[in-house]
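What you see is a predicted model; the values in this text were computed from it and never measured.
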Amino acid sequence: MKLTKVLVAISALVMSALVLTACGSSKSSAGGSDTILVWSSSTGPDGQKIQKTIANYNKTKPKYKLKLVTMSGDTFNSKIATGGKSGKGLPDIAMIASEQMKQYVSQGLVQPWDSYLKGTDVKASNYVKAAWNVGTVNGKQYGVPTDIGTWIMYYNKTLVQKYAPHALDDNIVTYDEIKEAGAKAKADKIYATANDWGMQNYSNIYMQLGGKFVTNGKVDVNNKYSYDAIKLMKSLYDSGYMVPKAQDAMKLFSNNKLIFLPEGTWMIGQLDGLKNVQWGATFTPQVDATHVVNGSGAGQFALMKTKPVQSDAKKKGMVKFFSWLQTNQLEWLKSGVNSPSLKMQDDAEYKKMPQYFLISTKQGQNALRIVTEDGVSYAYSEVDARNWDMITGKAPIESTFKTIQQTVDQKMGQ
């Protein structure tokens, strides 16, 4: 699943159900149904691409067809938490984020896939190693990779040529180069960068500075790396180089008023529709061009513990879909994510996609960072809710992180 904004609480609480046609059954519940019920928090264009992919699979007339239901991230998390207490009201499969995998295992929400994958081509050697390893917990395989979403940066080619002509000579843009461009563009009322998803920008800077999210087995974000990450973001805001929270960064980018737009690969489908902007894509902004770190997520298909329990035949039907997806994910990839399947890597159309460099180049592979530690999703949620207050000076940075740490500790029962 894409790193679509699933890790944090989004504002909407209303579920939007997108039900695929020709599911082959009137039953919509998990467990005993002959339809495989899948939940996802990928909404918008990326969710639609997943929907089309599943529709294509259903056209192959498998014994067990899939039914996709998408909803907002907070609704997804709430419904999983509620259903997990009894096993009722849950989907057969939940598409979850990297950071949620260990949390789901520790909470006893999921079952391992191992016995159903045995003897099939759904195995480690057929997937990007980092993506497969996300689903491996305590020696068992609790996840099968869905896709690889990455926080990158889009740039306006015309504005780069005017305000930062050499910033992309090495295909890497540093924060110092963004500041230089911002100083030149400010008089023309052009912003240099944006903060559409604060958690992503924070976490990438945090890792680039050398921060580790877990020390001595405990989630740790109340530290100098966190303070310095937010201070860097605040310096961009204070200088007038960052799009203010109240303004629409995508709209500004679409109107040639924003040079660099840090965003997810999943936004590529939306950017493809822009007619008056020449844009390109590169790594997320870097603190140090010699040490490139790019945060990514490798979503996972998680087998939920439902009541009634799914039959062995139904679980094998799920694995059949995973096997088919290894070579039939092109429509899904048009949303901007990368495929975790090595069998997709030589697809000619895939190679032309803007995000392909992240998975096909040595530089891109070496920069890949996937956070999987249990409990980090709690920290991400808290940072996302509070980062703008710290950036704008409404909340002091160090004491806010102290509060964030206390909240994470409480949720982790520490």
Side-chain angles (χ1 to χ4, degrees), residues 1-4 6-7 40 42 46 49-50 53 93 95-102 104-105 112-114 117-118 120-137 139-152 200 203-204 207 264-266 268 281-284 292-303 318-319 321-373 376:
M1 118 178 114
K2 15 237 65 9
L3 268 181
T4 304
V6 57
L7 307 180
S40 169
S42 293
D46 50 344
K49 297 297 183 184
I50 299 172
T53 300
I93 298 173
M95 293 171 56
I96 67 174
S98 310
E99 294 83 357
Q100 293 175 310
M101 191 74 254
K102 290 182 178 179
Y104 272 46
V105 173
W113 289 106
D114 300 80
L117 303 183
K118 189 175 181 180
T120 74
D121 62 352
V122 183
K123 54 187 178 181
S125 59
N126 284 336
Y127 291 87
V128 173
K129 184 177 180 181
W132 181 267
N133 288 346
V134 169
T136 308
V137 183
K140 295 182 179 180
Q141 198 64 31
Y142 284 93
V144 173
T146 60
D147 53 27
I148 301 173
T150 305
W151 190 251
I152 58 172
Q200 290 284 0
S203 63
N204 273 275
M207 291 186 289
T265 52
W266 49 88
I268 285 175
T282 188
F283 297 101
T284 193
V292 182
V293 174
N294 214 131
S296 294
Q300 303 285 310
F301 289 114
L303 178 61
M318 301 175 196
V319 175
F321 167 67
F322 302 154
S323 179
W324 174 88
L325 190 63
Q326 288 180 351
T327 54
N328 293 277
Q329 201 174 7
L330 193 62
E331 184 66 31
W332 189 327
L333 302 182
K334 291 177 182 177
S335 68
V337 295
N338 276 303
S339 176
S341 170
L342 297 178
K343 294 182 179 180
M344 283 296 305
Q345 304 307 312
D346 293 327
D347 185 280
E349 188 172 349
Y350 179 29
K351 288 182 177 180
K352 297 177 183 178
M353 295 183 182
Q355 72 272 24
Y356 185 68
F357 80 94
L358 290 163
I359 204 73
S360 63
T361 65
K362 191 171 184 179
Q363 185 183 40
Q365 292 174 8
N366 291 340
L368 187 71
R369 296 290 187 280
I370 300 177
V371 177
T372 62
E373 288 85 354
V376 175

**Student:** So, Asp46 side chain and Ser335 main chain: donor-acceptor pair closer than 3.5 Å or not?
**Tutor:**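 No.
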**Student:** Which heavy atom of Ile96 sits nearest a heavy atom of Ala302, and at what distance?
**Tutor:**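 Of all heavy-atom pairs spanning Ile96 and Ala302, the closest is CD1-CB, 4.0 Å.
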**Student:** Checking Gln300 against Tyr104: is there a side-chain donor and acceptor pair closer than 3.5 Å?
**Tutor:**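 Not at all, the side chains of Tyr104 and Gln300 share no donor-acceptor pair under 3.5 Å.
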**Student:** Given side chains that start at C-beta, do those of Met95 and Ile50 come closer than 4.5 Å, heavy atoms only?
**Tutor:**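 Heavy-atom side-chain distance check passes, below 4.5 Å.
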**Student:** Has the side chain of Ser98 got a donor or acceptor atom that lies under 3.5 Å from a matching backbone atom of Ala298?
**Tutor:**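 Yes, because the side chain of Ser98 sits within donor-acceptor range (under 3.5 Å) of the backbone of Ala298.
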**Student:** Would you tell me whether Asp147 and Trp332 have side-chain atoms, one donor and one acceptor, within less than 3.5 Å of each other?
**Tutor:**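 The answer is yes; a qualifying pair exists.
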**Student:** May I ask you to check whether over 12 heavy atoms, not counting those of Lys140, lie within 6.0 Å of atom NZ?
**Tutor:**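 No - once you tally the heavy atoms of other residues, nucleotides and ligands closer than 6.0 Å, there are 12 at most.
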**Student:** Can you find a pair of side-chain heavy atoms, one from Val128 and one from Ile359, that are under 4.5 Å apart?
**Tutor:**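 When only atoms from C-beta onward are counted, Ile359 and Val128 do touch, with a gap below 4.5 Å.
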**Student:** Are Ser323 and Asp121 linked by a side-chain donor-acceptor pair shorter than 3.5 Å?
**Tutor:**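 On atom types as modelled, these side chains qualify, holding a pair under 3.5 Å.
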**Student:** For Phe283 and Ala367, work out which heavy atoms get closest and say how close.
**Tutor:**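 The answer is CE2-CB, 4.2 Å.
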**Student:** Under the side chain to side chain contact (heavy atoms under 4.5 Å, CB included) criterion, do Leu358 and Leu368 qualify, and how do the steps go?
**Tutor:** CA-CA 8 Å; Leu358 290 163; Leu368 187 71; over 6 Å; no
**Student:** Under a 4.0 Å N-O cut-off, is there an ion pair linking Lys334 with Glu331?
**Tutor:**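 Judged by the 4.0 Å cut-off on N to carboxylate O distance, Lys334 and Glu331 do form a salt bridge.
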**Student:** Mind running side chain to side chain contact (heavy atoms under 4.5 Å, CB included) on Val337 and Lys49 for me, showing each step along the way?
**Tutor:** CA-CA 11 Å; Val337 295; Lys49 297 297 183 184; over 6 Å; no
**Student:** Apply side chain to side chain contact (heavy atoms under 4.5 Å, CB included) to Gln365 and Thr361, showing your working.
**Tutor:** CA-CA 6 Å; Gln365 292 174 8; Thr361 65; 6.0 Å; no
**Student:** Is there a side-chain contact between Ile268 and Gln355 in this structure, where contact means two heavy atoms from C-beta onward sitting under 4.5 Å apart?
**Tutor:**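 Yes; the side chains approach each other to less than 4.5 Å.
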**Student:** Would a line drawn from the ring center of Phe301 to the ring center of Trp113 be shorter than 6.0 Å?
**Tutor:**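 That pair fails the under 6.0 Å test.
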**Student:** Would you say the side-chain atoms of Gln141 pair up with the backbone N or O of Trp132, donor to acceptor, closer than 3.5 Å?
**Tutor:**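 It does hold such a pair.
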**Student:** Sort out for me which residue in Leu333, Asn328, Thr327, Leu330 forms a side-chain contact (heavy atoms from CB on, under 4.5 Å) with Asp347.
**Tutor:**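 Testing each of Leu333, Asn328, Thr327, Leu330 against Asp347, the sole residue satisfying side-chain contact (heavy atoms from CB on, under 4.5 Å) is Leu330.
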**Student:** Quick check for you: to the nearest 0.5 Å, what is the distance between Glu99 atom CD and Ser203 atom OG?
**Tutor:**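 Here the rounded value is 8.0 Å.
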**Student:** Is there a side-chain contact between Met101 and Val137 in this structure, where contact means two heavy atoms from C-beta onward sitting under 4.5 Å apart?
**Tutor:**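 Yes - at least one pair of side-chain heavy atoms lies under 4.5 Å apart.
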**Student:** Verify side-chain hydrogen bond (donor to acceptor under 3.5 Å, both in side chains) between Tyr356 and Gln345, making sure each step is shown before the conclusion.
**Tutor:** CA-CA 9 Å; Tyr356 185 68; Gln345 304 307 312; 4.5 Å; no
**Student:** Are side-chain heavy atoms of Leu342 and Asn126 found at a separation under 4.5 Å?
**Tutor:**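 No, too far: nothing below the 4.5 Å cut-off.
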**Student:** So Asp114 and Tyr142, side-chain hydrogen bond (donor to acceptor under 3.5 Å, both in side chains) or not? Walk me through it.
**Tutor:** CA-CA 8 Å; Asp114 300 80; Tyr142 284 93; over 6 Å; no
**Student:** Can you confirm whether Ser339 sits close enough to Gln326 that some side-chain heavy atom of one is under 4.5 Å from a side-chain heavy atom of the other?
**Tutor:**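 No, too far: nothing below the 4.5 Å cut-off.
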**Student:** Would a 4.5 Å heavy-atom cut-off, applied to side chains only, mark Trp151 and Trp266 as touching?
**Tutor:**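 Yes - at least one pair of side-chain heavy atoms lies under 4.5 Å apart.
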**Student:** Quick check: does any side chain N or O of Thr150 sit under 3.5 Å from a backbone N or O of Ile152, one acting as donor and the other as acceptor?
**Tutor:**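 No; judged by distance alone, with no hydrogens or angles, the pair does not exist.
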**Student:** Ignoring hydrogens, what is the shortest heavy-atom contact between Val293 and Met207? Give both atom names and the distance.
**Tutor:**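 That would be CG1-CB, 3.9 Å.
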**Student:** Are Leu117 and Val319 packed together at the side-chain level, in the sense that at least one heavy-atom pair is separated by less than 4.5 angstrom?
**Tutor:**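 Yes. Closest side-chain heavy atoms under 4.5 Å.
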